[in-house]
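Both backbone and side-chain heavy atoms feed into the values below; hydrogens, waters and symmetry mates do not.
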Amino acid sequence: MAQRATGRGGRGAAPGSESRKKRRKGMIRRMGLAVAAALALMGAGMAAAQQGGPFAPRVIVNDKAITNYELDQRVRFLRLLGNPPEIEKVALEGLIDDRLRMAEADRLGLTLTPEQVREGMEEFAARGNMTAEQFLSAIGQAGVAAETFRDFVEAGLIWRDVVRGRFGPRAQITEAEIDRALAITSPQTAGAVAQVLLSEIVLRADTPERRAEALRIARDLRRSIRSESDFAAAARQYSASRSRGEGGRMGWMPLSNLPPDVAGQVLALRPGQVSEPVELENAISLFQLRALRESGPVSPEAVSVEYARFLIPGGSLADAMRVRAQVDNCDDLYGVAQGLPEDRLSREVKPVAEVPRDVALELAKLDEGEISYGLSTPQVAVVLMLCGRTPDLGGGMVDREAVRRQLLNQRLAGYAASYLAELKADAIIREP
């Protein structure tokens with residue numbers, strides 16, 4: 001039987017405290033607004049999703065169907081949680097992933113008790129300072145069934161146990177790794193900051209077929225590469241990145257610029273070693289650690305980044321470079337975007353951990369005011385500019401167990417992403 005899940009989120013606050021009440025009221029108020037939006041869109045969404053009836057299959061994953069009803073429910077649920085772009089695509093991909101997770105757990109004979117699932121539901125609801133009953137009542141007003149929430153939580157919990165069971169022994173963190181992480185990431189390190197010298201291979205994965213092929217190539221390359229020259233040759237042959245002409249070589253960059261999960265993988269590498277395949281939105285990447293150093297004055301670790309994206313539908317690299325010639329900073333992009341649709345320019349401030357991986361990896365290469373075109377596709381040229389980084393000034397005692405958990409979770413996340421991608425590549429996913 002799978003290990004019982006444990007949760008903490010929000011449970012340490014004193015019952016009835018003023019701050020807890022305010023946070024709960026805030027979440028309920030936000031849910032109320034989301035409910036109104038969900039109900040307003042219900043008619044159109046139901047008509048589109050229920051072609052062939054609500055319980056007709058929308059997609060079949062191996063021999064398990066995902067129905068129109070399940071897709072409609074997941075869309076409503078995601079709308080309440082944050083309404084991501086391309087919400088139906090995100091919902092369908094999430095349901096496909098959950099089918100694969102549950103099937104793998106079933107193959108391994110792993111199950112959860114009703115009590116474990118209920119505990120997981122309480123843990124999820126506690127993130128918004130609500131009980132599971134309060135959360136169910138709030139989502140129920142938007143037509144989201146309790147079973148939808150339960151299935152969402154169950155798939156996440158059982159997958160955590162699958163990954164820990166398979167990779168736990170391989171993902172153990174040593175005391176030396178903790179020492180290394182503290183030495184090179186702490187903003188209190190005397191007189192030095194951590195920098196890494198990496199090489200990259202970026203494989204196109206903008207269709208399901210290309211993603212499966214890219215993942216296969218990435219795995220084969222990781223097994224066969226034995227040296228920096230091997231990696232450079234592979235980058236010149238396979239990589240779609242602008243660095244391919246340099247054998248995938250990138251310049252020195254602060255470790256703290258990287259997405260946390262990628263930084264965690266890099267920390268576990270020795271010079272010359274190659275990372276597990278890193279899944280991005282439209283690509284699969286491999287990284288090779290060439291060197292690591294501590295140099296320069298003390299620099300606080302960046303904890304959030306501000307960046308802008310300007311989109312040129314149907315544009316080319318030349319179009320993107322013409323934009324670069326007109327701007328020196330992110331504010332200048334507003335002049336370029338004047339008179340264009342609002343969705344052509346976006347500007348965001350996010351914690352590094354919340355920035356999409358592909359965006360974060362491009363931002364890691366930039367200094368303030370610099371631009372990347374690396375996210376461009378044949379359909380859209382993308383001008384990505386780093387507006388600035390917000391530092392963490394540090395302080396307080398170091399919790400080694402917290403560092404251990406962070407490194408362990410980062411390592412397991414990398415294993416889990418590759419594991420799920422392998423399951424997806426081997427699955428038969430089709431429309432009825």
Side-chain angles (χ1 to χ4, degrees), residues 2 31-32 34-118 120-121 124-125 132-162 207-209 211-212 420-421 423-432:
M31 283 234 172
V35 166
L39 292 174
L41 293 170
M42 185 184 302
M46 291 291 286
Q50 292 188 5
Q51 295 177 5
F55 298 105
R58 179 63 174 269
V59 170
I60 298 174
V61 182
N62 293 327
D63 59 346
K64 302 292 185 181
I66 295 171
T67 66
N68 289 322
Y69 172 78
E70 289 176 291
L71 178 58
D72 176 69
Q73 283 283 295
R74 180 62 66 92
V75 167
R76 297 185 190 205
F77 185 54
L78 292 180
R79 189 170 286 126
L80 294 176
L81 294 183
N83 202 24
E86 298 185 278
I87 189 169
E88 184 167 323
K89 177 183 176 182
V90 172
L92 187 57
E93 289 178 350
L95 287 168
I96 291 171
D97 289 348
D98 284 354
R99 281 289 189 279
L100 295 171
R101 292 174 178 125
M102 295 299 294
E104 185 67 359
D106 185 62
R107 185 185 73 82
L108 296 172
L110 291 175
T111 59
L112 296 172
T113 66
E115 291 77 15
Q116 287 174 305
V117 176
R118 182 69 186 186
M121 294 168 68
F124 189 95
E133 289 301 327
Q134 290 169 331
F135 189 80
L136 287 170
S137 175
I139 66 176
Q141 295 176 48
V144 178
E147 291 77 9
T148 297
F149 177 40
R150 182 199 64 206
D151 292 347
F152 174 83
V153 169
E154 183 178 15
L157 289 176
I158 199 69
W159 181 243
R160 182 169 64 186
D161 289 337
V162 168
T207 67
E209 295 77 15
R211 181 166 291 272
L420 184 60
L423 294 176
K424 189 175 291 186
D426 292 339
I428 299 174
I429 302 171
R430 62 184 177 87
E431 295 185 352

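- Taking CD1 from Ile158 and CE from Met102, the interatomic distance works out to 6.0 Å, rounded to the nearest 0.5 Å.
- Here the CD1-CG distance, from Ile96 to Leu420, works out to 10.5 Å after rounding to the nearest 0.5 Å.
- Only one option out of Asp151, Leu71, Val61, Leu100 pairs with Leu95 in a side chain to side chain contact (heavy atoms under 4.5 Å, CB included); it is Leu71.
- Side-chain contact between Arg99 and Glu70 is present, with heavy atoms from C-beta onward closer than 4.5 Å.
- Here the CZ-CZ distance, from Arg74 to Arg76, works out to 14.0 Å after rounding to the nearest 0.5 Å.
- The aromatic rings of Phe152 and Phe77 sit perpendicular, their planes meeting at an angle over 60°, well past the 30° parallel limit.
- For Glu115 and Arg118, the salt-bridge test fails: no basic side-chain N is under 4.0 Å from an acidic carboxylate O.
- At a threshold of 4.5 Å between non-hydrogen side-chain atoms, the residues Glu147 and Gln73 do not count as touching.
- Rounding to the nearest 0.5 Å gives a distance of 9.5 Å between OG1 of Thr111 and CG of Asp106.
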Could you check Arg101 against Val162 for side chain to side chain contact (heavy atoms under 4.5 Å, CB included), going step by step and ending with a plain yes or no?
-> CA-CA 8 Å; Arg101 292 174 178 125; Val162 168; over 6 Å; no
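- Contact annotation: the side chain of Met121 approaches that of Leu136 to within less than 4.5 Å [non-hydrogen atoms, C-beta and beyond].
- In this structure, CG in Asp97 is found 9.5 Å from CG in Leu92, a value given to the nearest 0.5 Å.
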